[in-house]
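Since this is a predicted model, take the numbers as computed values, not measurements. Chain identifiers are assigned alphabetically (A, B, ...) following the order of the sequence lines, protein sequences preceding nucleic acid strands; residue numbering begins at 1 within each chain. Every heavy atom of this structure was used, including side-chain atoms; hydrogens, water molecules and symmetry mates were not.
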Amino acid sequence: MSRSLFFSFFLHAFFIYLTALTLPFMLRDPIDLPPIVSVEFIEIKDTTNIPYAPKARKIIEKVKKEKERVVSEQAPPADIAKEKPDRISMPEDKKEKQELKKKKQNPEEIKPQIRQVSEFEKKELFDPNQIAALIDKAKEEQAATERKREKLTQSNVKNSFAKGLSLSEEDALRAQIFGCWSVPLGLPFDEELLVRIKLKLKPDGTILKSEILDHARMNTPGQSFYKVLAESALRAVRICQPLKVPPTGYEKWKNLQLNFDPTEMLKG
Amino acid sequence: MKKIFFIFLFFIISFKNAYSLIKVDITRGNLDPLPIAISPLHVDSKSEKLSLFDTDKLGEEISKVIEQNFRSTGLFNPLKKDSFVQKPEIAHLKPRFEDWRLIKAQALITGKVLVTNKKLKVEFRLWDTIASKEMLALSFTTTPSNWRRVAHIISDKVYERLTGEGGYFDTRIIYVAETGPKGQRIKKLGLMDQDGYNIKYLTLGNELVLTPRFNPTNQLVTYMSYFKNMPRVYLLDIETGIQEVVGSFPGMTFAPRFSPDGKKIIMSFAKDGNSDIYSMDIESRVVEQITKHPSIDTSPSYSPDGTQLAFNSNRDGNIEIYIVNVDGTGTRRLTNHPGIDTSPTWSPLGHQIAFTSDRSGSPQVYVVDVDGTGLRRITFESYCDRPTWSPAPYNEIAYASRTGPGFDIKVVDLATNEVRQLTFGQGSNESPSYSPNGRHLAFSSSRGNGDKQIYLIGRDGRGLKRLTNNGNNEMPSWSR
């Protein structure tokens with residue numbers, strides 16, 4: 001009897017113990033398993049032709065337009081509102097440039113992550129050379145010939161664009177000064193003939209202050225031609241004023257440096 | 001990730017540059033002559049009257065000479081006086097720059113003339129009409145008969161200020177003038193201003209005169225004249241008109257030339273039947289023998305620094321060019337060819353020698369470096385002779401080339417070997433002589449009626465101008 005009592009007690013105790021041990025497990029959350037991932041293997045070729053790229057671009061443009069609409073409701077973008085009446089440019093040129101400015105003015109709306117849809121897309125949208133060329137096809141041809149003539153490199157063109165004067169604005173200014181500058185005819189061919197003039201302009205293009213940067217050279221013995229050249233450059237700027245500067249962006253061009261160099265012309 | 005980084009970098013750079021200094025390259029301009037206004041000089045009312053000429057018109061005459069000088073350069077465009085708005089007397093005090101800018105003048109010359117105590121005082125001012133400021137102001141006092149010279153000096157000063165190179169208006173040309181009826185012609189030494197005025201004859205014409213040459217310091221002329229069939233070397237002071245015989249040199253074989261410092265005369269003459277090179281000090285009249293060799297030595301030419309001489313000698317059996325130090329040491333042969341090499345002339349920069357050689361069959365001009373290397377033929381004509389170097393900075397040689405019955409003046413650029421023909425078969429054109437700044441050449445031409453006259457022409461072939469009108473005039477030599 002005592003023996004069966006002992007077994008009963010022992011077994012009960014065992015089960016109570018077992019229950020006490022396993023109960024905390026039942027309180028825990030089940031282990032969070034990740035959902036099943038299906039992986040598609042795509043064969044990599046020399047040229048990628050991912051089919052969804054154009055589609056993605058359409059979506060981007062749609063999103064952009066929606067965002068723009070929101071902006072225009074609150075306040076119209078500055079470059080659309082302001083016209084440039086006295087600028088010499090072709091009508092189609094103007095239109096395209098406005099498009100370009102939009103891209104430049106709201107850089108935050110261009111999300112690089114979204115743009116990274118394909119190598120092809122990325123290149124098309126972000127190559128700055130392409131942007132410069134976009135301004136005008138004709139201008140690009142002109143720039144190419146000018147580059148040959150005046151040793152202007154692609155990077156120069158790009159820089160001046162980035163600095164605030166567009167190609168056509170710079171061309172207009174340059175053409176204006178070409179006409180005003182009477183190059184002294186007695187210059188030596190084999191000397192350094194660069195005259196750098198720094199100008200401070202008023203918003204209407206008239207000159208507030210002009211300064212020759214290599215002023216010391218003007219009074220160097222044996223360099224009297226340099227003084228003559230520097231004076232002719234100063235005269236050119238004064239004859240030309242008011243300079244043909246863009247009506248907007250005064251902050252960008254209020255300080256202007258003109259590099260006068262007749263070397264190419266004298267040799268040619 | 002890398003790509004995104006670069007994209008952000010691009011935006012950062014373009015943002016940073018947006019407000020930095022914009023630079024625009026100006027590589028072209030117009031090459032039209034500079035418009036200059038030369039206002040007639042105002043004659044002061046206190047001026048005395050002179051018997052020689054009308055004092056009241058002196059101011060206008062001076063401005064006309066200045067105007068002609070500037071027009072002849074081809075670098076300036078003197079504006080017509082009809083268009084001037086402001087009167088001379090007011091313009092000289094304070095020009096109204098807007099008025100001058102209106103007629104597109106970029107420079108303005110004003111001035112005042114005053115004659116007191118038989119002295120002429122000329123003041124002038126050069127104005128930059130664009131910058132509205134004075135560039136130059138000077139005053140000269142001289143005898144009234146010198147008014148043309150004053151006009152030339154003013155032109156020089158303005159030219160120097162506006163171009164940066166030396167002026168050449170106050171210079172003279174000496175030449176051999178032949179006058180008189182046919183059969184009784186006499187040769188005299190003539191001297192005139194570079195614009196053809198103030199012709200003076202320096203010799204009487206009873207002796208034959210040859211090869212006038214200017215001293216580099218400008219006051220003296222040396223020339224050769226025959227007296228009783230004996231060649232004599234003369235020195236003539238063009239300011240005072242005083243001339244003196246330097247010496248008689250029987251057997252003279254080469255005309256006298258000045259040394260670059262103007263203190264010596266170099267020549268060659270034959271003593272005891274053998275021609276050698278001699279130099280003579282002008283001050284002390286001491287004659288020094290430079291070459292001592294039984295062969296014939298002639299045609300000496302100084303190096304620009306005056307330390308060496310190039311000359312001809314037949315000491316190896318045929319005529320070659322040699323170089324010797326002025327003290328007679330260090331003789332070395334420069335050319336070595338069976339042909340005849342003659343008439344060496346040193347380049348203005350001193351590193352080359354030009355000479356004439358018939359090694360190709362006809363006389364042609366060659367150039368060789370002073371160390372004997374770099375020999376090259378520079379003319380390819382039927383016949384040409386006597387090369388003349390242009391003054392620095394131009395690296396050119398002018399020569400007369402036979403182009404038919406007569407000669408034509410040609411210029412060869414030594415850097416490019418490009419030949420420019422300045423005259424084109426009108427008469428015979430000979431004896432080119434460069435202006436001090438190298439922009440113009442004086443030469444003699446028999447164009448027109450066949451008489452030789454002195455002409456000027458720009459080194460680019462433009463601006464032909466006749467200087468003399470009567471008799472025959474040749475062998476021009478331009479003062480430095």
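- Residue-level contacts of residues 223-233 of chain A with chain B, in order of numbering, are A/S224, A/F225, A/K227, A/V228, A/E231; threshold 4.5 Å between heavy atoms.
- In this structure, B/K157 places its NZ atom where only 12 or fewer heavy-atom neighbours from other residues, nucleotides or ligands lie under 6.0 Å away.
- When side chains are defined from C-beta on, A/N259 counts as touching B/K23, because their heavy atoms get closer than 4.5 Å.
- Considering only heavy-atom pairs separated by less than 4.5 Å from chain A, the leading option among B/I130, B/L34, B/T129, B/N437 is B/I130.
- Separating the CD1 atom in A/I177 from the CD1 atom in B/I26 is a distance of 4.0 Å, to the nearest 0.5 Å.
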Applying side chain to side chain contact (heavy atoms under 4.5 Å, CB included), run through A/M265 and B/L31 and close with a yes or a no. CA-CA 9 Å; A/M265 192 175 57; B/L31 287 171; 4.1 Å; yes
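- For a residue to count as touching a neighbouring chain, one of its non-hydrogen atoms must lie under 4.5 Å from one of that chain's; by this rule A/L256 touches chain B with backbone and side chain alike.
- Closest approach of A/S182 to B/Q106, counting heavy atoms only: OG-NE2, 3.4 Å.
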For side chain to side chain contact (heavy atoms under 4.5 Å, CB included), just list the numbers for B/N30 and A/F178, CA-CA rounded to whole Å, side-chain angles, deciding distance to a tenth of an Å, and then say yes or no. CA-CA 7 Å; B/N30 64 65; A/F178 285 169; over 6 Å; no
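- Between atom NZ of residue B/K104 and atom CD1 of residue A/I239 there is a gap of 8.5 Å, rounded to the nearest 0.5 Å.
- With a 4.5 Å cut-off on non-hydrogen atoms, B/R101 does not touch chain A at all.
- A/R235 places a side-chain heavy atom less than 4.5 Å from the side chain of B/D128.
- Heavy-atom minimum distance, B/I22 versus A/K252: CD1-O, 3.3 Å.
- Looking at B/L75, the atoms closer than 4.5 Å to chain A (heavy atoms on both sides) sit in the backbone and in the side chain alike.
- At most 12 non-hydrogen atoms from other residues, nucleotides or ligands lie less than 6.0 angstrom from NZ of A/K198.
- Of the inter-residue distances, the one linking B/L21 atom CG with A/W253 atom CH2 reads 13.5 Å to the nearest 0.5 angstrom.
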